[in-house]
Amino acid sequence: MKETPLSTCERTALTDMVECGLRHDRRGFLEARDTTISFGREYGSCSVILGETRVLAQVTCEVVEPRASRPSEGKLSIAVHLSPMAAPHLEPGGGGGSEVDALQQVLERNIKESRCLDLESLCIRAEESVWQLRVDITVLNHDGNLCDASNMAAVAALRHFHRPDVLVEEDGRVTVLSHATSPPVPTFMRKVPVCVSYALVCPQEDKCLVLMDPTHVEERVMTGKLVAGLNPHGDITSLVFPGRVALKKEQIMKCLEHAFRRAKIIAEMVQQAVEDDLQTRATEDRPSGFRDKLVSDEEYKRQRFTHLMATKVLTLPTESTEAAVPMEEEPSAPEEQDPANETTTNVTATSTNGLVDTPDDLEESRTTAVIASVTKTCKNKKKKVKKTKDVKMESDSEEEQQQTLLTSQDLQ
Amino acid sequence: MGSNFRAPDMSEGDPTVVLPGDLILEYDPEKTQDRIFLGPGLRWQDKTITATKCGLLRKTPKKIYFVDSQQKRYVPEKRDFVLGIILKKRGDFYMIDIGASMAATISYLSFENASKKTRTELDVGDLIYGKLIVANKHMDPELVCIDSYDRAVGMGRLPDGGILFTVPLHVARLLIKPDNPFLHNISKKVTYTIVVGLNGRVWVKTAREGEMVAVMNAILLLEVMSEEEANKKVLKVLESFI
Amino acid sequence: MDIELACELPRVRAMVGPEGPQRPPLVTPGEIITHDTSFMRGHGTYMENNTQVASVAGYITRVNRLITVTPLRQVYQGAIGDTIVGRITKVQNNRWKVDVNSRLDAELRLVNIQLPGGEQRRSSLEDERGMRGLLREGDLVCVEVQKISNDGGLRLAARSSKFGKLSQGTLLGVSPSLIVQDKQRMHDLPCGARVVFGANGYVYVSPTVPEEQASTYTVNFEEVPVDVRKTIGRLRNCIKLLAHHTIMISPTSVMTAYDISIEQEFEIRDMLKPDVMQDVAIATVQAMNE
Amino acid sequence: MEIISPEGLRQDGRTPTCLRIIKCRLGLYDRPNGSAYIEMGNTKVLAAVYGPREVRSKNKQNLDECVIQCEMSRIAACGGERVRRARDKRTRALSHQIAGVFHAAIRKSKYPGSQIDIYVQVLQEDGGVMSACVNASTLALIHAGVELLDYVTSCTASINKQTAILDATNMEGQAGCEVTVSLLPNKGSIVSLDSSHTVHRDQFEAVMDLATAGCQQVYQELFSQVEAYLQDKHAIMSHR
Amino acid sequence: MVDINLSDAEKCYIIDGVKLGIRVDGRDRLDYRHLEIETGLVSTANGSARVRLDRTDVLITVKMEMDRPSPDQPNQGRLRFFVNCSANAAPEFEGRGGEDLATTLSAMMDRLYSSPYTLDRSCLCVVPGKHVKVLYVDIEILDCAGNLFDAVSIGVKAALWATHLPRIFVTGEDGGELEFEVSDNPHDTERINVSNAPILITHLRITENLTIVDPTPEEEECGPVQVVVGVTPSGLITALQQLGQGTFTTQTLSAAIKLTRELGMKIHTHLTTKLRQEESMQNREIRGFL
């Protein structure tokens with residue numbers, strides 16, 4: 001199923017809006033969508049909802065033989081699945097091609113190569129048996145910025161995961177003990193890797209604006225993107241800026257500074273979520289899992305609107321002004337709206353094909369709202385529509401409805 | 001036949017929820033004289049009318065019954081006004097994406113004062129507002145931008161600028177209802193032009209970008225709230241945007 | 001069979017070219033050419049906040065206020081009136097698609113060719129059906145560029161009698177910028193062979209064929225005598241040799257190379273050996289400079 | 001095993017901020033429109049450019065600018081261990097990066113509706129593969145006469161116990177990070193940036209500056225090589 | 001192979017040329033084009049060679065690995081051939097384009113080196129039944145301008161000749177497992193005896209009874225069928241494969257085989273002398289691709 005084409009109107013609309021400092025969902029340029037992290041019944045199963053992007057991560061473990069070259073190190077493998085459920089243009093089994101490769105590469109660099117998980121701690125007996133942790137990330141709904149969401153889900157799942165305790169006999173046989181007999185062992189992560197991605201929109205040739213946490217539409221319209229993988233201790237674990245637009249050095253450094261600030265917030269959020277869940281899990285005997293924690297899209301939109309209505313005046317939220325949008329000077333907030341003095345309603349809903357011209361203060365003198373015939377009752381006329389070159393149609397305004405007997409064939 | 005026979009008491013007029021397979025009422029043309037008309041979502045088979053979609057069963061004063069269901073994927077219907085995006089130019093046809101399973105076609109002649117010589121200049125990605133004149137299971141849907149007197153009547157290529165977004169079909173139908181005050185409430189705050197396609201695509205254009213975002217979000221309110229609640233809240237949302 | 005060791009072979013030495021001031025300056029991408037905006041911007045350059053910057057590596061040519069940079073190698077741009085050689089790739093309804101070593105395949109309309117048998121004959125329906133009889137896939141044609149369409153594709157025409165289907169011979173592809181610009185493209189060289197220097201870099205060497213035979217779209221298949229074949233083979237190797245050492249290819253330079261290879265009694269087949277190629281090339285350049 | 005000796009020199013005698021020897025040659029083959037070969041130390045890469053040509057698949061055609069495609073492959077014996085498959089996930093990711101770099105550098109509006117193919121073949125791999133591929137592709141594009149905004153030069157820098165080292169070989173880059181910068185030298189703007197393995201924040205700026213300076217040095221090298229190529233070839237062509 | 005379609009005129013010119021004994025570039029029926037060879041240019045491989053036959057360019061690398069022997073030949077090493085058509089050679093080879101050419105080539109080389117007579121593979125065995133040496137011969141086609149089989153076979157022979165395998169000592173037994181240790185002194189190496197290694201010669205049938213050697217792409221286009229004959233230095237025919245649609249009369253086939261024996265022995269002697277000469281040159285500077 002091909003992706004619905006992006007019309008030039010959507011493209012120009014978004015670029016113009018970004019040029020004068022606005023985004024579709026009225027977020028600031030450097031403001032992220034609100035995220036909720038929730039955990040399932042098992043240890044190590046975590047779901048992250050970033051705006052409408054939904055990702056599910058599940059950690060599983062098994063005892064395996066270590067690699068010959070690294071006898072005392074455990075193994076960690078990360079796999080990303082972009083299921084067709086995430087977006088219409090993904091075919092089952094297709095795997096989304098280059099998008100998944102890039103995502104896989106960023107996650108591997110961020111979590112595996114950055115040594116944030118101490119692999120030695122996964123060793124049971126050197127050269128014989130070690131733990132292999134496998135993180136399976138499934139993208140449930142793709143609304144942009146998969147890197148941040150899947151990275152957050154993977155890290156939260158790893159920190160939340162507890163592997164069962166283990167009994168090792170002399171001759172090397174390993175017995176895995178169930179959770180009931182002895183408490184499971186938490187996994188220790190030295191640093192929390194975080195991924196922050198920026199979309200670069202270039203309205204004119206050299207002017208380049210940076211948007212954080214792009215939605216799917218913004219991702220389709222942006223010219224370049226910058227994905228920074230880092231951890232709150234000041235290490236940059238991976239940085240991908242695959243071109244398509246030329247940036248100055250200062251612009252990149254400003255992005256990195258903002259990314260580090262953002263990394264602290266995300267790290268704390270993940271930390272907090274894991275601790276809260278572990279506490280609640282300790283008290284109640286049967287963990288409730290995802291049952292009442294998942295938020296439906298409608299619910300999310302409703303909360304966003306109530307939140308919008310709460311914040312009265314439109315000033316770009318403080319957090320973004322202080323971050324001083326790296327690119328150009330602060331785009332001027334849209335000048336004060338003079339309340340439309342003339343309140344004559346210029347939109348007249350008229351019956352089907354009667355049209356009222358509007359006051360011509362709008363530049364094109366086209367008629368305004370053409371409101372199609374209301375009810376969708378298809379009053380099938382028995383007249384065959386002649387399909388000649390010059391398409392002649394019976395005028396079928398609603399008023400002179402003939403009473404025709406409905407035949408079942410019409411109703412199909 | 002559906003086992004749960006439930007004749008809805010249509011008296012007090014508040015819509016009841018029906019599920020596919022529910023029996024609506026008996027109708028036997030020989031026995032009764034009055035005419036009733038069935039809209040989408042209903043099926044008349046061997047003298048009983050059953051629902052085929054889940055949604056609210058509505059009855060209009062002119063005895064038209066139909067099921068108002070919540071749906072996002074548009075199924076082309078004759079005489080629907082839809083908003084399409086031009087995919088590609090095929091000889092003297094344009095292929096247009098109207099969000100249905102198949103792309104619609106429109107001949108270059110079916111525009112206002114189009115002729116063999118003067119072809120309207122349309123390129124890929126433009127927006128077209130037209131009326132479906134051919135739409136059935138067996139053929140590709142066909143679009144025209146002129147009415148029976150060859151006048152554009154607001155149809156044709158939309159001007160540049162403006163913002164396009166999609167809403168579920170029931171919201172689009174709600175917006176178009178003549179007696180629906182929603183669009184008037186919005187117009188109290190903002191002067192805007194709006195084009196609503198029955199395939200769930202809405203195009204809004206105002207003088208300033210800020211207002212466009214405001215109107216868009218106001219309309220998106222309808223997606224999550226009931227009509228009455230949305231009417232109450234729309235003004236506050238507009239304030240928070242402008 | 002002669003096997004050479006790569007380390008023994010002479011390295012492709014720089015040719016000794018005419019030094020001296022009249023060599024126009026060379027420029028590479030990104031270099032600023034001029035700051036004043038009075039100059040007009042030609043090919044190979046672009047304007048960036050009112051400085052003219054080069055976008056290709058090549059030499060600058062200034063023609064009264066127009067600055068262009070021509071690279072050493074480029075895909076054939078196409079200019080109206082150029083005589084070029086092309087190969088038919090597809091036969092479509094009343095037009096042919098022709099590969100002309102350019103960005104897009106060129107188009108030769110049935111209307112634009114001079115039909116066999118007479119000047120003024122409008123193309124009838126039966127001509128349309130007989131198109132494959134005139135020109136088939138793979139046939140070589142010598143045509144003229146009539147128009148450049150807006151997407152950059154070329155429109156060709158074979159109006160006069162000297163254009164049309166090329167008969168027996170062999171084709172060579174070289175870089176278009178090596179072909180010397182001049183009006184007359186078809187040359188019957190004194191050594192008894194005809195060479196068509198296509199402006200698009202396709203050079204066709206063939207025995208001398210009577211003038212109007214080309215436009216009759218018929219091919220004579222009788223055998224070409226051995227001595228003519230020898231000259232054609234030698235000419236072909238000379239052109240390959242000049243192209244390998246990026247020496248401009250023109251009737252004069254080809255004939256000098258031809259004469260030098262005859263003087264130094266090089267076998268035709270040995271002429272493609274690197275050392276032989278190098279000697280002949282240097283000798284040609286020196287001979288050309290006197 | 002000391003990467004940097006106490007006196008501050010590396011195993012092969014280079015100072016931390018000096019490039020490996022660059023040898024390159026334009027125009028190896030005449031079937032592709034442009035071809036080039038570059039050796040940065042022991043990293044040897046061959047690049048060929050076909051185009052601008054007719055687009056092969058109509059649905060990818062872009063009517064107002066040209067489509068750029070890149071494919072990178074490695075010969076089996078390019079590294080220490082034998083490479084099983086010439087084209088795998090890593091090379092696909094790298095070829096995306098290279099294509100991205102040239103999306104910004106080539107003046108795409110000059111070749112509407114056509115396609116430029118860049119094929120890169122790694123003959124030997126010893127650190128800095130991505131930058132060698134970008135430099136080789138730039139030379140091949142210049143040889144093909146494709147219009148570029150500017151050269152695109154690329155260089156890798158790494159870090160080893162607080163000292164930033166330029167153009168690190170495989171062995172030198174093992175411990176530290178690897179930051180690859182691709183630059184438009186005359187404009188000074190960065191076209192692509194890629195960093196793998198962790199590097200600390202304040203070191204990152206130093207490494208990036210070193211890599212950018214490295215790119216300028218590479219530019220001088222490539223500039224002189226192209227100039228020599230033009231001089232030699234043009235000397236003959238001048239007698240028009 | 002890369003398909004270029006020619007016009008009938010050109011085909012007729014080429015075929016007549018072969019009949020008269022002078023081909024397009026001046027060679028006669030049994031002449032090879034200029035062949036250039038260089039070994040040892042890839043330092044990360046145990047052995048490597050590059051062969052350039054006019055414009056055909058092939059790079060062959062040999063790498064050794066230790067592996068378990070195949071059950072039916074416990075004390076024989078293995079030789080495995082892999083061909084990779086790089087997209088540099090032709091855009092058609094991009095992605096999976098060159099697969100079928102690669103499979104025919106590697107199958108041909110497998111067959112060539114499968115008979116124990118050509119290469120004694122028992123000397124590749126370290127511990128019979130447990131560990132044997134496996135030589136991975138990777139053939140990289142960088143540019144193809146006709147006659148790939150000859151260039152590849154000569155390249156493989158040269159690469160195997162130039163291969164230096166590290167010496168392997170069996171250091172005794174522990175627990176039923178034979179321990180071996182690879183010597184890391186770069187000069188302490190073993191060579192492979194390639195004195196009997198065969199090469200391939202391609203014969204292209206142009207007319208009923210005339211075959212030519214070392215065909216160019218244009219000639220391959222007009223000749224319907226080729227036969228590839230493997231010949232050892234001592235004149236024995238080890239392999240024979242027919243490619244393309246078409247037939248051979250018995251006389252042409254036997255004439256071709258007789259020809260292969262003479263040509264083959266000449267090429268082998270010439271090749272070995274050249275390789276020895278290259279071996280004996282002190283501080284030979286590796287030309288490589290520069």
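Below, chain A is the first sequence line, B the second, and so on; all start at residue 1.
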Worksheet item: Top residue by heavy-atom pair count (under 4.5 Å) with chain A, among D/Gly100, D/Ala99, D/Cys177?
Response: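 Option with the greatest count: D/Gly100.
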Practice prompt. Tell me, yes or no, whether the heavy-atom count around A/Glu65 atom CD, taken from other residues, nucleotides or ligands under 6.0 Å, exceeds 12.
Written response: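 Check fails, neighbour count at 12 or below.
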Worksheet item: Would the number of heavy atoms belonging to other residues, nucleotides or ligands and lying under 6.0 Å from CD of A/Glu120 be above 12?
Response: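 Counting other residues, nucleotides and ligands, CD of A/Glu120 exceeds 12 neighbours.
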How long is the span from the [atom1] atom in [X] to the [atom2] atom in [Y], to the nearest 0.5 Å?
| X | Y | atom1 | atom2 | value |
| --- | --- | --- | --- | --- |
| A/Glu108 | D/Ser196 | CD | OG | 12.5 Å |
| A/Phe241 | D/Ser182 | CZ | OG | 9.5 Å |
| D/His197 | A/Asp235 | NE2 | CG | 14.0 Å |
| A/Leu256 | D/Leu193 | CG | CG | 8.0 Å |
| A/Met253 | D/Arg201 | CE | CZ | 8.5 Å |
| A/Ile236 | D/Ser195 | CD1 | OG | 6.5 Å |

Practice prompt. Please report the shortest heavy-atom distance between A/Arg244 and D/Ala104, naming the atom on each side.
Written response: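 Here A/Arg244 and D/Ala104 meet closest at C-CB, 3.7 Å.
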Fill in: Test: D/Asp194 and A/Arg109 ion pair at under 4.0 Å
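Salt bridge between D/Asp194 and A/Arg109, a charged N being under 4.0 Å from a carboxylate O: yes.
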Worksheet item: Who among A/Ala246, A/Gly234, A/Pro242, A/Ser238 has the most heavy-atom pairs with chain D under 4.5 Å?
Response: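 Result: the option with the highest number of such pairs is A/Gly234.
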Worksheet item: Between D/Val101 and chain A, which part of the residue has a heavy atom less than 4.5 Å away: side chain, backbone, both or neither?
Response: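 The backbone, not the side chain.
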Item to complete: Apply side-chain contact (heavy atoms from CB on, under 4.5 Å) to the pair A/Lys249 and D/Glu205, showing each step before the final yes or no.
Response: CA-CA 10 Å; A/Lys249 187 170 92 68; D/Glu205 180 143 12; 3.1 Å; yes
Worksheet item: Is there a side-chain contact between A/Ile252 and D/Ile190 (heavy atoms, below 4.5 Å)?
Response: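 Yes; the side chains approach each other to less than 4.5 Å.
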Practice prompt. Answer with side chain, backbone, both or neither: which region of A/Val245 has an atom nearer than 4.5 Å to a non-hydrogen atom of chain D?
Written response: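 Looking at A/Val245, just its backbone touches chain D.
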Worksheet item: Would you say the side-chain atoms of D/His200 pair up with the backbone N or O of A/His233, donor to acceptor, closer than 3.5 Å?
Response: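 Such a contact is found between D/His200 side chain and A/His233 backbone.
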